[in-house]
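These notes are about the structure you will find just below.
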Amino acid sequence: MDESELPRQWYNIQADMINKPLPLLNPATKEPLTAEDLAHIFAAECAKQELDQEHAWIDIPEEVLERYKYYRSTPLVRAYALEKALGTPAHIYFKNESVNPLGSHKINSALPQCYYCKQEGTTNVTTETGAGQWGAALSYAAKAFGLECAVYQVKISMQQKPYRSSIMRTFGATVEGSPSMSTRAGKDIITRDPLHPGSLGTAISEAVELATTTPNCKYTLGSVMSHVSLHQTVIGLEAEKQMEKAGEYPDTIIACFGGGSNFGGLAFPFMRHTLKEGKKIDFIAAEPSSCPKLTHGKFEYDFGDEAGYTPLLPMYTLGHEFKPANIHAGGLRYHGAGTIVSQLLKDGYMRAVDIPQTESFAAGLLFAQTESIIPAPESCHAIAATIREAKKCIETGEEKVILFNLSGHGLIDMTAYDSYLNGDLTDPEFKG
Ligand SMILES: *Cc1c(COP(=O)(O)O)cnc(C)c1O
């Protein structure tokens with residue numbers, strides 16, 4: 001770890017974008033939302049950051065920096081063994097965001113969100129979680145800043161990944177399988193369907209209900225929102241300094257894509273040179289073939305959640321009622337995309353590829369066997385896209401510099417690896 005690599009400010013790409021993201025709309029009135037509206041459910045500072053299209057640099061609070069120092073800077077690694085196994089002339093680098101107490105990049109935003117809540121006099125935070133990465137990061141951050149934390153975890157994924165709820169409870173959070181009997185929304189669902197397996201939609205409804213009916217309780221999100229990718233820019237800002245030390249500059253930047261926070265976190269600081277100086281970099285978002293909003297979705301206003309509680313967001317979407325197949329990369333099973341990335345894709349600053357599930361695990365296995373790190377099923381998509389690009393370099397002989405984000409490790413996802421190794425994994429078809 002090198003503290004001198006740790007940035008003191010986050011980078012807000014909205015300030016430098018030529019076409020700004022369109023406004024979020026109130027679904028009832030179709031009027032643009034104000035920071036005040038958003039502050040009913042989110043921390044006021046996060047609401048302000050969400051809509052800030054003016055300030056390119058936003059100070060990281062000292063207390064958050066102190067917590068970042070527990071695990072940052074994170075390593076930038078040259079994947080020599082992977083390059084050798086592929087026989088590629090490409091130089092492959094990865095930023096290792098799995099090296100922290102929770103094992104994924106989500107902690108980078110959980111810490112500031114909890115810090116701002118604490119500053120603003122909030123005592124409780126709540127959220128929903130699917131695979132459990134966000135819930136785990138939030139539980140840790142809530143404890144760090146002395147907040148109570150309640151997580152609604154999709155019931156079926158709680159059964160599939162039991163250790164994630166153990167982690168959340170170890171950090172002091174209350175974890176409810178959703179649908180639960182602790183909210184009206186949950187009770188209604190259980191009354192209608194006692195065996196409901198739960199979904200992100202049911203979990204969001206319960207968390208939002210808790211936040212709006214409990215005094216001093218705020219709702220938090222681990223992806224999609226612009227303030228979340230703002231916090232994640234620590235990844236790219238560090239990577240920029242580290243690449244400079246390595247004496248190289250990336251031609252290609254790759255990250256997996258669920259709602260866009262780890263992609264934006266790595267890509268946006270580099271993209272500022274594209275926006276301001278016309279620097280040419282190939283930015284690639286890697287999404288699952290079974291949930292391909294960037295490659296097969298439409299750019300339109302849509303709800304951020306299944307139930308239709310959120311504001312209307314201008315984004316690439318498969319429709320909020322789209323039910324993604326039950327792939328193991330739980331963090332990528334989301335119908336929409338962040339509004340910043342959606343605008344950048346529309347304007348041609350980046351591109352997207354879709355990766356079948358079995359290709360992603362084959363890539364994850366090769367990475368584990370060469371680089372000794374078992375990647376999260378989500379991160380395997382970035383690795384697969386990297387391998388595709390590195391193989392192209394074998395044909396062309398180009399020594400391209402490829403940088404990808406390792407968004408997390410897969411040590412709590414070994415049932416997924418077991419199904420792959422047993423030959424039980426399929427490639428669910430996308431039905432648009
Ligand atoms: C949540 C998650 C993702 C997807 O979320 P983004 O907001 O698109 O980054 C990717 N990788 C891991 C390990 C995750 O936990």
Side-chain angles (χ1 to χ4, degrees), residues 74 94-110 113 127-140 151 153-154 157 161 164 167-168 200 220-236 253-268 283-288 291-294 304 313 315-316 324 327-342 344-345 350 352 354-355 360 363-364 367 373-385 404-413 416:
T74 64
F94 64 92
K95 182 73 169 149
N96 188 351
E97 288 296 311
S98 79
V99 190
N100 69 58
L102 280 305
S104 88
H105 70 286
K106 295 230 167 52
I107 190 175
N108 298 329
S109 184
Q113 290 194 49
T127 196
E128 77 281 345
T129 193
Q133 291 278 30
W134 171 243
L138 189 73
S139 307
Y140 168 86
V151 178
Q153 184 173 11
V154 177
S157 85
K161 305 188 189 237
R164 285 259 159 68
I167 293 173
M168 295 182 240
L200 274 180
T220 63
L221 269 179
S223 181
V224 187
M225 304 300 282
S226 301
H227 66 269
V228 180
S229 26
L230 171 76
H231 304 152
Q232 294 294 351
T233 57
V234 287
I235 303 172
I253 292 184
I254 299 174
C256 68
F257 197 98
S261 76
N262 93 92
F263 174 84
L266 178 65
F268 294 168
F283 294 99
I284 307 174
E287 60 182 5
C291 191
K293 58 265 183 174
L294 298 177
L313 311 172
M315 62 181 178
Y316 279 94
I327 55 166
H328 285 281
L332 307 186
R333 296 176 68 241
Y334 182 65
H335 67 275
T339 63
I340 297 178
V341 165
S342 293
L344 292 169
L345 179 67
M350 54 175 281
D354 57 327
I355 308 278
S360 74
F367 184 78
I373 302 167
I374 299 178
E378 291 84 3
S379 315
C380 290
H381 291 71
I383 298 169
F404 79 86
N405 195 38
L406 184 73
S407 53
H409 69 65
L411 291 176
I412 308 171
D413 302 284

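Computed from heavy atoms alone, side chains included, the values below leave out hydrogens, waters and symmetry copies. One-based numbering, in listed order, for ligands and for the atoms of each.
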Minimal non-hydrogen separation, [X] against [Y], with atom names:
| X | Y | answer |
| --- | --- | --- |
| Ile167 | Ala136 | CG2-CB, 4.1 Å |
| Arg164 | Asp413 | NH2-OD2, 3.3 Å |
| Gly364 | Cys380 | CA-SG, 3.6 Å |
| Leu345 | Ala352 | CD1-N, 4.4 Å |
| Gln232 | Lys106 | NE2-CA, 3.9 Å |
| Ala131 | Gly331 | CB-N, 4.5 Å |

Please determine if [X] has a nitrogen or oxygen closer than 3.5 Å to a nitrogen or oxygen of ligand 1.
| X | answer |
| --- | --- |
| Leu332 | no |
| Ala376 | no |
| Glu378 | no |
| Ser379 | no |

Practice problem: Scan side-chain atoms only and decide if Ser98 and His409 contain a donor-acceptor pair under the 3.5 Å cut-off. | Solution: no
Quiz item: Is it the case that Glu378 and Asn262 place a side-chain donor and acceptor less than 3.5 Å from each other?
Solution: no
At what distance is the nearest protein heavy atom to [atom], and which residue and atom is it?
| atom | value |
| --- | --- |
| atom 15 (O) of ligand 1 | Lys106 NZ, 2.6 Å |
| atom 8 (O) of ligand 1 | Gly258 N, 2.6 Å |
| atom 4 (C) of ligand 1 | Gly331 O, 3.4 Å |
| atom 7 (O) of ligand 1 | Ser223 OG, 2.5 Å |
| atom 13 (C) of ligand 1 | Ser407 OG, 3.5 Å |

Practice problem: With heavy atoms only and a cut-off of under 4.0 Å, state how Phe257 meets ligand 1: side chain, backbone, both or neither. | Solution: backbone
Provide the number and element of each atom of ligand 1 under 4.0 Å from a heavy atom of [X].
| X | value |
| --- | --- |
| His105 | 2 (C), 3 (C), 9 (O), 10 (C), 11 (N), 12 (C), 14 (C) |
| Gly259 | 6 (P), 7 (O), 8 (O) |
| Cys256 | 10 (C), 11 (N) |

Quiz item: Would you say the side-chain atoms of Thr74 pair up with the backbone N or O of Glu97, donor to acceptor, closer than 3.5 Å?
Solution: no
